[in-house]
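So you know, we letter chains A, B, ... as the sequences are listed, proteins then strands, and number each from 1. All heavy atoms count here, side chains included; hydrogens, waters and symmetry mates do not.
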There are 2 protein chains.
Amino acid sequence: MDIDRLNWKILKCLQENARLSNAEIGRRVGVSSPAVSERIKKMEDLGLIEGYKAIVSPFEVGYQLKAIITLRAFMGKLKPFLEKVKTYDEVVNCYRITGDENIVMEVVLKNQKHLESFIDQLIIYGESKTQIVLSDVVKQKEIKSLK
Amino acid sequence: MDIDRLNWKILKCLQENARLSNAEIGRRVGVSSPAVSERIKKMEDLGLIEGYKAIVSPFEVGYQLKAIITLRAFMGKLKPFLEKVKTYDEVVNCYRITGDENIVMEVVLKNQKHLESFIDQLIIYGESKTQIVLSDVVKQKEIKSLK
DNA sequence: AATGAAATTGTATAAAT
DNA sequence: ATTTATACAATTTCATT
C-alpha cells in the first residue's frame with residue numbers, strides 16, 4: 001500500500017488520540033470527514049491499523065510492580081509455554097526472541113508476593129530471569145514514516 | 001479511586017476498541033451515554049486512562065525487523081542516554097531496569113542495515129545486546145482487575 | 001451519580017466532480 | 001478519490017431525580 005502524506009497525518013492523529021472524531025481529524029489534516037472515514041477504513045482493512053486501545057495505567061489500578069522476565073525454555077517446553085502465556089493476565093507483552101533466552105515478557109504485578117507466585121509458575125517451563133522495571137523511559141512511542 | 005464493576009466494563013470496552021462511541025459502550029454495559037461520558041472523563045482526569053492509541057502495524061508500514069536491545073551504560077552515560085533515547089524513532093518502548101543491564105528497549109527497524117546503524121549509535125553510551133523478535137506471542141494485552 | 005430532553009456536533013450515504 | 005448535501009446518530013449541557 002502507498003501511505004501518502006495525508007494518511008501519515010491521519011495516523012499521527014490516531015496514534016496521539018484514537019478517540020478523535022473523523023470531523024476533528026479532517027479539520028486538522030485539511031480534508032472532509034467522509035475522506036477521513038474512507039482512508040481510515042482502508043487502512044483498517046489492509047491491517048495497517050490493527051486496532052484502537054485505551055492505555056490503562058497499571059499502577060493506578062493496583063499493579064505496583066512491572067518486570068521484564070526472560071525465559072530459557074526446557075526441551076519440549078517452549079510450545080506448551082507459548083500457549084499457556086496467553087492465559088496469564090499479568091503478561092502485557094510477550095515476544096519469542098533469538099539468542100540464549102527464548103522468551104521475553106513484560107509483566108505487571110501487585111507486589112513482591114505476586115511476583116514470587118508468578119515466577120513459581122514458570123519453573124516447569126524453563127529458567128527465568130527477572131529484572132524489575134524502575135521507570136518507563138519511552139512508552140508506546142508513535143510509529144513514524146521511514147525516510 | 002474505586003474502580004467499580006461498571007468502570008471495569010467500560011475499561012474493557014475501551015481497551016478492546018477505543019473508538020467505540022459512548023452510546024455504544026452504554027448499550028453494552030447498560031447505562032446511558034452521559035453516564036459513560038462522565039465516568040470516562042473521571043478516569044481520564046485521575047490518570048487511570050492515560051490515553052487512546054491507534055495500534056499501527058510496524059511490519060505493514062515497512063519495519064521488517066523488531067528487536068529487543070539491552071544496554072549496559074558506561075559510567076556517566078546513563079543520564080545522557082535517557083534523554084537521547086526519547087529522540088529515536090525506532091524505539092517503541094524503553095524501560096530502565098534493575099540488574100546487570102540498565103536499559104531494555106523494543107525497537108523497530110527497516111532491515112539489517114538499519115539495525116547495524118542503530119546499534120552503532122549506541123556504542124558511545126554502553127554495551128548493547130541485541131535479540132531479534134521472532135514473533136509476537138502476546139501483544140498489548142488488556143489490563144484486568146486484580147482479584 | 002444517573003437519567004431524559006434539547007441543542008450542537010458528528011457520521012454515513014449518495015450524488016456529483 | 002474527494003466534496004457537498006442530507007438524513008440519521010451521537011455528544012454535550014443541563015434540569016431533574
Side-chain angles (χ1 to χ4, degrees), chain A residues 1-63 140 142-147, chain B residues 1-63 140 142-147:
Chain A
M1 191 212 181
D2 66 316
I3 313 172
D4 60 13
R5 208 175 250 115
L6 182 52
N7 274 346
W8 273 113
K9 283 185 188 174
I10 293 169
L11 286 177
K12 185 170 191 295
C13 291
L14 289 172
Q15 289 185 89
E16 279 169 19
N17 180 4
R19 276 176 77 77
L20 288 176
S21 69
N22 296 339
E24 178 56 27
I25 294 167
R27 265 175 240 122
R28 294 185 186 189
V29 306
V31 288
S32 66
S33 76
V36 173
S37 173
E38 272 224 347
R39 279 169 172 266
I40 290 175
K41 195 180 178 322
K42 195 170 260 173
M43 290 192 283
E44 288 169 355
D45 292 345
L46 288 167
L48 214 144
I49 296 173
E50 295 180 336
Y52 307 94
K53 297 204 173 171
I55 309 304
V56 174
S57 166
F59 183 81
E60 292 295 330
V61 304
Y63 292 99
Q140 286 294 115
E142 160 196 356
I143 300 282
K144 285 189 186 159
S145 171
L146 26 74
K147 285 107 211 173
Chain B
M1 192 212 182
D2 65 316
I3 313 174
D4 59 14
R5 209 177 247 114
L6 182 53
N7 273 347
W8 273 113
K9 284 186 188 172
I10 294 170
L11 286 177
K12 186 171 191 294
C13 290
L14 288 173
Q15 288 186 90
E16 279 169 21
N17 180 4
R19 274 176 78 79
L20 287 177
S21 69
N22 296 338
E24 178 56 28
I25 295 167
R27 267 174 236 123
R28 294 186 187 189
V29 307
V31 289
S32 66
S33 76
V36 172
S37 174
E38 270 217 48
R39 279 170 171 266
I40 290 176
K41 195 179 177 324
K42 195 171 261 175
M43 291 193 283
E44 289 169 354
D45 291 345
L46 288 168
L48 214 145
I49 297 174
E50 296 181 335
Y52 308 95
K53 297 204 174 173
I55 308 303
V56 173
S57 166
F59 184 81
E60 292 295 330
V61 303
Y63 293 98
Q140 284 296 114
E142 164 197 352
I143 300 283
K144 284 188 187 158
S145 172
L146 24 75
K147 283 109 210 167

What is the separation between atom [atom1] on [X] and atom [atom2] on [N], rounded to the nearest whole Å?
X: B:Leu6; N: C:dA2; atom1: CG; atom2: P; answer: 7 Å
X: B:Lys9; N: C:dA2; atom1: NZ; atom2: P; answer: 13 Å
X: B:Asn7; N: C:dA1; atom1: CG; atom2: P; answer: 10 Å
X: B:Arg5; N: C:dA2; atom1: CZ; atom2: C1'; answer: 19 Å
X: A:Ile40; N: C:dG10; atom1: CD1; atom2: P; answer: 14 Å
X: A:Asn22; N: D:dT4; atom1: CG; atom2: P; answer: 17 Å

Out of [options], which nucleotide sits closest to the side chain of [X]?
X: B:Ala35; options: C:dA2, D:dA10, D:dT12; result: C:dA2
X: A:Arg39; options: C:dG4, D:dT2, D:dT11; result: D:dT2
X: B:Lys42; options: D:dT2, D:dA5, C:dA1; result: C:dA1
X: A:Glu38; options: C:dT11, C:dT13, D:dT2; result: D:dT2
X: B:Ala23; options: D:dT13, D:dA10, C:dG10; result: D:dA10
X: A:Arg27; options: D:dT2, C:dG10, C:dA2; result: C:dG10

Any B:Ser37 side-chain N or O less than 4.0 Å from OP1/OP2 of D:dT11: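 For B:Ser37, the contact criterion (side-chain N or O under 4.0 Å from OP1 or OP2 of D:dT11) is not met.
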
Has A:Ser32 got a side-chain N or O lying under 4.0 Å from the OP1 or OP2 atom of D:dT2?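 Negative; the distance criterion is not met.
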
Looking only at heavy atoms, which two atoms of [X] and [Y] are closest? And how far apart?
X: A:Val29; Y: A:Lys9; result: CG1-CB, 3.6 Å
X: B:Ile10; Y: B:Ile25; result: CG1-CG2, 4.1 Å
X: A:Lys53; Y: B:Gln15; result: CG-O, 3.5 Å

Is it true that A:Asn22 and A:Arg39 share a donor-acceptor pair across their side chains at a distance under 3.5 Å?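 Per modelled atom types, A:Arg39 and A:Asn22 side chains form no pair under 3.5 Å.
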
May I ask you to say what A:Arg19 touches in the nucleic acid, namely base, sugar-phosphate or nothing, with a heavy-atom cut-off under 4.0 Å?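 Nothing, no heavy atom under 4.0 Å.
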
Sugar-phosphate only, base, or nothing, as touched by B:Glu24 at under 4.0 Å among non-hydrogen atoms: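 It contacts nothing in the nucleic acid.
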
Going by heavy atoms in the side chains, are A:Ile49 and B:Ile55 under 4.5 Å from each other?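 The answer is no, as the side chains (C-beta and beyond) never meet within the 4.5 Å cut-off.
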
